[in-house]
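As structure tokens, the structure follows; a few thoughts come after it.
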Amino acid sequence: MIDQIDLFAAAGAAEAAAGNFDVEAIPTSGSVPIPPGIYSDLDTLTRHCNNCQRCGLAAGRTNVVVSRGNPQAPIMIVGEGPGQQEDEQGLPFVGKSGQLLEKILAAVRLDTEQDVYICNVVKCRPPNNRTPVADETAACKGYLLEQIRLVDPKIILLTGATAMKGLTGEKRGITKIRGQWIEWEGRLCMPILHPAYLLRNPSRDKGSPKWLMWQDIQTVKAKLDEIKAAQ
Ligand code: URA
């Protein structure tokens, strides 16, 4: 039996790497950080998330929503947090926003099973789909950072202001910064509009959210092709 704090000390890391750690030893306080490098693989991380009680969102969840897509994908898409359908199915972006996201990706011939790995800033559904609060994103951030390290994507797409702020701390409005490449921790990232925002703004006119997304996703596809050509 590992005690709570030891899970995240060196001995705990060895246990985690061996895949036989005691899930009851996950620190229940979100303020105890998850150290970088603690997870040897995504299955261990997922098992840990499924047992997580690091913040209040755990009490209201049906399922923990960790990821879907290809763990070796060149593109990682980070959303805000699960909605009702995601909570019920245990998979990110499977509701209306997810269906639109699929269409956007398909428009530039990106395949969700092949080309992308999809996850969220918080892994449990906030009540009534409210925006996750700072304590919740902080408690969950170590999982996201570990997902990024283990998937090691070439490009990270941050959908909406919460994803952008949750990962990078950037507080500027998403409409100001969307479509611009940024470097975060040596990684190529682009903030893009959240699909739910597009659903609320159906216009396809020049300058509309849908039009802007079309520009951005083409830029992303072109960058991916360039990266692949250089490999
Ligand atoms: N919105 C998100 O940000 N993530 C999901 O998984 C679903 C909707």
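Keep in mind the model is a prediction, meaning the values are calculated, not measured. Every number for a ligand or one of its atoms is a count from 1 in the order of the listing.
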Check whether the side chains of [X] and [Y] place a donor and an acceptor atom closer than 3.5 Å, and report yes or no.
X      : Y      : answer
Thr44  : Asp41  : yes
Asn129 : Arg125 : yes
Tyr117 : Gln147 : yes

Can you name the side chain to side chain donor-acceptor pair (under 3.5 Å) partners of Lys210, sequence neighbours left out?
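Testing Lys210 for side chain to side chain donor-acceptor pair (under 3.5 Å), a comparison that skips the adjacent residues, returns none.
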
Closest candidate by heavy atom, reference atom 4 (N) of ligand 1, pool Ile118, Asn120, Val94, Val65
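When every heavy atom of Ile118, Asn120, Val94, Val65 is considered, Asn120 comes closest to atom 4 (N) of ligand 1.
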
Which of the ligand 1 atoms, numbered from 1, are nearer than 4.0 Å to a heavy atom of Gly79:
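Per the distance check, 3 (O).
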
Any atoms of ligand 1 less than 4.0 Å from a non-hydrogen atom of Pro92? List them with their elements.
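Near Pro92, meaning under 4.0 Å from one of its heavy atoms, ligand 1 has 6 (O).
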
Does any N or O atom in Glu80 lie less than 3.5 angstrom from one in ligand 1, N or O only?
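So ligand 1 has an N or O lying under 3.5 Å from an N or O of Glu80.
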
Is any N or O atom of His194, backbone or side chain, closer than 3.5 Å to an N or O atom of ligand 1?
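Yes.
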
Using non-hydrogen atoms of the residue, decide whether Gln85 is closer than 4.0 angstrom to ligand 1.
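Flag not set, Gln85 not near ligand 1.
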
Quick one: does Gly81 get a heavy atom under 4.0 Å from ligand 1?
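Per 4.0 Å heavy-atom rule, Gly81 contacts ligand 1.
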
Salt-bridge present (Glu102, Lys96; N to O < 4.0 Å)
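The answer is no: the pair does not qualify as a salt bridge.
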
Asp152: what forms a salt bridge (Lys or Arg N to Asp or Glu O under 4.0 Å) with it, not counting sequence neighbours?
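Counting only residues at least two positions away or on another chain, Asp152 forms a salt bridge (Lys or Arg N to Asp or Glu O under 4.0 Å) with Arg187.
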
